[in-house]
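Model, not experiment: these values are computed from the prediction.
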Amino acid sequence: MSTIDAAGASGRAARDCSTTPPVLASYAAGSLGTGAFGTLPGLVLAYYLTDSIGVAAASATVLVLVPKVVDVLAYPLIGALSDRASHRTGYRTGLMLLGASALPLLFIATFSAPPEWSTGAAGIWVMGFFLAASLAYSCFQVPYLALPAELTEDSGRRVTLLAWRVAVLAAAILLSGGGGPALRDVAGGGPRGYVVMAVGVAALMLVGMLWSTFIAGRRTALRADAPAGDLVHEYRDGIDALRVTRPFRLLVGVFCLQAVATAVMLAGGQYVATHVLGNEAALTGLFLALVGPALLVMPLWTRLAHARGKVPALATATALFTVASLLLIPAGWAPGGWVHLPVALAGVAYAGMQALPMSMLPDATDLDRTVGGRRRSGAMSGLWTAAETGSMALGPVIVLALLAVGGFRSGGVSDQPGSAVWAIVLAFSLVPAALAGVSLLMVRTLGRSYPRWMEKT
């Protein structure tokens with residue numbers, strides 16, 4: 001470690017205020033933006049394409065997937081740019097401000113396809129603006145994820161910091177995922193309803209991201225001597241960290257599988273409400289059941305992580321989510337209000353599956369710094385965001401692919417074949433359970449790869 005970097009670390013330890021209410025609140029506020037953008041497109045974008053614009057399910061799969069493929073390639077570059085800014089100035093706020101300013105406008109544009117345009121042209125409009133919005137999101141999200149490693153070096157404080165973030169994330173998901181579609185319906189649905197929904201959610205994004213940028217983003221000032229090398233070299237840093245730091249590799253694998261599991265469930269929610277429960281507005285109730293418990297139980301997951309270690313707590317959350325998802329399969333035979341109970345159980349687990357891996361990411365960057373000899377948390381956050389984005393993008397893609405196989409009829413058709421209804425049910429239950437079950441096998445190896453995650457904090 002360089003003299004400057006060591007001095008910076010020493011100074012930061014002396015002034016560590018990462019768990020004071022202003023810092024906790026300002027850092028967590030960023031999740032008002034990231035939670036809304038990470039949730040609402042996954043929840044309604046596929047439905048918007050198939051049922052509002054009239055795009056066929058197979059074509060909608062491509063329109064949703066292409067922007068995410070581009071994003072995954074771009075995120076490591078954004079991580080490298082973020083690291084260069086941090087090495088040069090000690091802050092990551094430049095990219096955060098760019099993302100916070102551009103994302104709300106591009107998000108509104110995504111759901112503002114001109115209704116008089118043809119289906120194909122409107123679909124291209126959505127794909128183009130969704131791509132631009134996703135890139136703006138990454139400009140904020142990548143440096144935002146790197147902040148905990150630079151706000152505090154204490155693993156226990158990171159659990160608290162990330163628990164606050166996930167609590168606000170759950171609130172953002174609740175407001176955007178439950179309130180967004182409700183706002184759309186109150187505005188009369190159709191093209192105008194989606195625009196009203198987008199404007200309301202964009203305002204929430206803007207406030208949260210700017211708050212986090214100007215407060216939490218300015219509380220870290222850790223500097224190194226110089227960037228490690230050229231931009232191409234730094235672009236590869238995240239992949240190199242994945243290669244040399246096994247706990248980081250395992251953690252990314254677990255998080256990806258669990259992100260796909262939750263993304264499939266989110267993307268299937270609107271279809272379950274409309275074509276299984278028979279009421280488009282039932283999505284709000286399903287969302288409240290999924291996210292509401294997360295706000296209540298987050299302190300319990302924090303306590304469990306402190307008492308038993310992060311890995312045992314994550315294993316408990318993952319097992320609970322798997323069981324809850326399996327309990328939803330009978331909805332194919334007997335749909336009804338009872339589905340809210342297993343969805344609420346999945347929501348309890350979801351809180352832990354979000355907070356605990358995120359609290360491990362700064363620990364993984366510390367370990368990588370020890371192995372690699374330098375700080376590259378931005379590059380690692382870029383790869384993490386790329387993996388998360390790619391995984392979340394697979395949710396709607398898997399649902400749309402299952403709908404296409406099941407013979408789903410696009411264009412707002414209410415009378416769907418039984419095969420399409422079962423495709424919806426299985427996408428909402430069996431697929432998430434299988435993915436979470438596979439991730440549970442990987443969780444068991446995390447503690448052996450990095451015993452610190454097993455420690456009580």
Side-chain angles (χ1 to χ4, degrees), residues 72 76 145 148-149 155-156 158-159 162-163 166 237-265 300-326 346 348-372 376-377 379-392 394-395 430-457:
V72 166
L145 281 180
S155 181
R158 286 170 179 169
V159 174
L162 270 299
V166 174
D237 269 352
I239 297 174
D240 184 62
L242 197 70
R243 179 181 61 83
V244 302
T245 309
R246 185 169 183 262
F248 178 57
R249 184 166 65 249
L250 288 169
L251 184 62
V252 169
V254 168
F255 190 70
C256 284
L257 284 170
Q258 296 186 352
V260 176
T262 55
V264 169
M265 184 173 281
L300 300 181
W301 289 117
T302 303
R303 291 177 188 173
L304 186 63
H306 284 305
R308 294 184 54 193
K310 296 177 184 180
V311 169
L314 179 59
T316 302
T318 306
L320 185 61
F321 183 87
T322 304
V323 171
S325 299
L326 291 173
V348 172
Y350 171 76
M353 289 165 58
Q354 283 287 306
L356 295 166
M358 289 180 185
S359 72
M360 297 179 192
L361 177 59
D363 298 336
T365 63
D366 285 349
L367 178 62
D368 176 74
R369 186 180 182 186
T370 300
V371 173
R376 49 186 181 185
S377 52
M380 294 174 72
S381 296
L383 189 141
W384 179 277
T385 304
E388 179 185 18
T389 299
S391 300
M392 293 299 290
L394 285 177
L430 183 61
V431 174
L435 291 165
V438 173
S439 77
L440 185 59
L441 299 177
M442 295 180 65
V443 169
R444 297 181 62 179
T445 67
L446 277 175
R448 293 194 296 270
S449 68
Y450 190 33
R452 180 179 181 181
W453 287 334
M454 299 291 292
E455 295 174 359
K456 301 175 183 180
T457 58

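Annotation: side chain of Val254 is in contact with side chain of Leu314 (closest heavy-atom distance under 4.5 Å).
Closest of all the heavy-atom pairs between Met392 and Ala259 is SD-O, 3.5 Å. Smallest separation of non-hydrogen atoms from Ser325 and Met265: OG-CE, 3.6 Å. Closest of all the heavy-atom pairs between Leu446 and Pro247 is CD2-O, 4.1 Å. Residue Thr318 comes nearest to Ala436 through the heavy atom pair CG2-O, 3.3 Å, listed as atom of the first residue, atom of the second, then distance. Considering every non-hydrogen atom in both Ser449 and Arg246, the closest pair reads CB-NH1, 3.5 Å. Smallest separation of non-hydrogen atoms from Val244 and Arg249: N-NH1, 4.5 Å.
Arg444 contributes atom CZ, which lies 14.0 Å from atom CG of Leu250 (distance to the nearest 0.5 angstrom). Of the inter-residue distances, the one linking Leu435 atom CG with Leu394 atom CG reads 9.5 Å to the nearest 0.5 angstrom. With rounding to the nearest 0.5 angstrom, the CG atom of Leu356 is 7.5 Å from the CH2 atom of Trp301. Put simply, CG on Leu361 and CG on Asp368 are 10.5 Å apart, with the number rounded to the nearest 0.5 Å. Once rounded to the nearest 0.5 Å, the distance linking OH of Tyr450 with OG1 of Thr245 reads 10.0 Å. Here the straight-line distance linking atom CG of Leu145 with atom CH2 of Trp384 works out to 8.5 Å at 0.5 Å rounding.
Among Met358, Met360, Met442, the single residue meeting the side-chain contact (heavy atoms from CB on, under 4.5 Å) criterion with Phe255 is Met358.
Thr445 contributes no side-chain N or O that, together with a main-chain N or O of Leu441, makes up a donor-acceptor pair within less than 3.5 Å.
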